[in-house]
Amino acid sequence: MAFQTEYEFELPRGYVDDSGTLHKRGVIRLATAADEILPMRDPRVQQNPGYLTLILLARVITRLGDLKHIDTKVIEKLFTADLAYLQNVYRQINDLEAPKVQALCPKCEHDFEVDVDFLSVTESL
């Protein structure tokens, strides 16, 4: 089995470009060390550390619908639900451990942790 470096995703809402076209399906790749280090030199990140997320996503999203180029301007125009979704996908594919949420069984009220797997949800769509 080959080592997977790219992952398909589908945005919950979708990106609407300047002509009104909706783009929902895309591809994100694993981040490299350069993807995480080089943006730290960017003046936008130095002025506002929160901008790091936008630059990182612009670097690792290789396809979004029919768009020819994905840059920070595209990422800035994402709906907040889509930005949060992509942040979670980024974390999931680049971290060794999947994010977890606390859950409560509605019948027995047993408290437990559940792995959040956004990629399996997208693959079944």
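Just so it is clear, the values below take in all heavy atoms, side chains as well, and ignore hydrogens, waters and symmetry mates.
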Asks: May I ask you to test the Ile28-Glu6 pair for a side-chain heavy-atom distance under 4.5 Å?
Replies: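 The answer is no, as the side chains (C-beta and beyond) never meet within the 4.5 Å cut-off.
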Asks: Hey, are the side chains of Arg63 and Phe9 touching, using non-hydrogen atoms and a 4.5 Å cut-off?
Replies: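 Side chain of Arg63 against side chain of Phe9, heavy atoms only: no contact under 4.5 Å found.
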Asks: Measure the spacing between CZ of Arg59 and OG1 of Thr72 and express it to the nearest 0.5 Å.
Replies: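 Nearest 0.5 Å value for the CZ-OG1 distance: 11.5 Å.
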Asks: Does Asp35 reach the main-chain N or O of Thr32 with its side chain, forming a donor-acceptor pair under 3.5 Å?
Replies: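 Yes: the side chain of Asp35 pairs with the backbone of Thr32.
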Asks: Any chance you could measure Gln92, atom CD, to Leu86, atom CG, to the nearest 0.5 Å?
Replies: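 Here the interatomic distance stands at 12.5 Å.
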Asks: Please report the shortest heavy-atom distance between Arg13 and Ala81, naming the atom on each side.
Replies: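 Reported closest heavy-atom pair: CG-CB, 4.1 Å.
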Asks: Could you check whether any side-chain N or O of Asn94 sits under 3.5 Å from a backbone N or O of Ala31, counting only pairs where one atom can act as donor and the other as acceptor?
Replies: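 Flag set: sc Asn94 to bb Ala31 pair under 3.5 Å.
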Asks: Any side-chain heavy atom of Tyr7 sitting closer than 4.5 Å to one from Val27?
Replies: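 Counting from C-beta outward, Tyr7 and Val27 never come under 4.5 Å.
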Asks: Quick check on the hydrophobic clustering: are Leu11 and Val16 connected, directly or via other members, by side-chain heavy-atom contacts under 4.5 Å?
Replies: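 Leu11 and Val16: separate clusters.
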Asks: If Ile, Leu, Val, Met, Phe, Trp and Tyr residues are connected whenever their side-chain heavy atoms lie under 4.5 Å apart, and connections chain through other members, are Leu38 and Tyr90 in the same group?
Replies: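 Hydrophobic grouping puts Leu38 apart from Tyr90.
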Asks: Once rounded to the nearest 0.5 Å, what's the spacing between atom CG of Asp42 and atom CD of Gln47?
Replies: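 The distance works out to 9.0 Å.
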Asks: Between Glu10 and Arg25, which heavy-atom pair has the shortest distance, and what is it?
Replies: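 That would be OE1-NH2, 3.0 Å.
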Asks: State whether the number of non-hydrogen atoms from other residues, nucleotides or ligands found under 6.0 Å of Asp111 atom CG is greater than 12.
Replies: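 Yes, the 6.0 Å shell around CG holds more than 12 heavy atoms from other groups.
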Asks: Taking NZ, NE, NH1 and NH2 as the nitrogens, is one of them in Asp17 or Lys77 under 4.0 Å from a carboxylate oxygen of the other?
Replies: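 No salt bridge links Asp17 with Lys77.
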Asks: Are Phe79 and Tyr51 connected in the hydrophobic side-chain network, where two residues link if heavy atoms are under 4.5 Å apart?
Replies: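 The answer is no; the residues belong to distinct hydrophobic clusters.
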Asks: At what distance, to the nearest 0.5 angstrom, does CD of Gln87 lie from CG of Leu78?
Replies: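 Gln87 CD to Leu78 CG: 10.0 Å, rounded to 0.5 Å.
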Asks: Show your working on side chain to side chain contact (heavy atoms under 4.5 Å, CB included) between Glu109 and Leu104 and close with a plain yes or no.
Replies: CA-CA 6 Å; Glu109 296 188 358; Leu104 184 66; 4.3 Å; yes
Asks: Determine the minimum heavy-atom distance between Asp66 and His23, stating which atoms define it.
Replies: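 Shortest heavy-atom separation between Asp66 and His23 comes out as N-ND1, 3.2 Å.
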Asks: So do Arg29 and Thr5 actually touch side chain to side chain, heavy atoms under 4.5 Å?
Replies: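 Sidechains of Arg29 and Thr5: no contact.
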Asks: May I ask you to test the Tyr85-Leu83 pair for a side-chain heavy-atom distance under 4.5 Å?
Replies: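 Tyr85 does not reach Leu83 side chain to side chain.
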Asks: Under the criterion side chain to side chain contact (heavy atoms under 4.5 Å, CB included), which of Leu22, Leu67, Thr21, Asp82 is the partner of Tyr15?
Replies: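 Going through the options one by one, the only one that passes is Leu67.
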Asks: How long is the straight-line distance from CD1 of Ile55 back to CE of Met40, given to the nearest 0.5 Å?
Replies: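 So the CE of Met40 and the CD1 of Ile55 are separated by 10.0 Å.
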Asks: So, do Arg44 and Leu54 sit near enough that their side-chain heavy atoms are less than 4.5 Å apart?
Replies: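 They are not in contact (no side-chain heavy atoms under 4.5 Å apart), so the answer is no.
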Asks: Might you point out which heavy atoms bring Ala34 and Pro39 nearest each other, and give the distance in Å?
Replies: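 The answer is O-CD, 3.6 Å.
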Asks: Would you compute the distance between atom OG1 of Thr62 and atom CD1 of Ile70 and round it to the nearest 0.5 angstrom?
Replies: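 Answer rounded to 0.5 Å: 6.5 Å.
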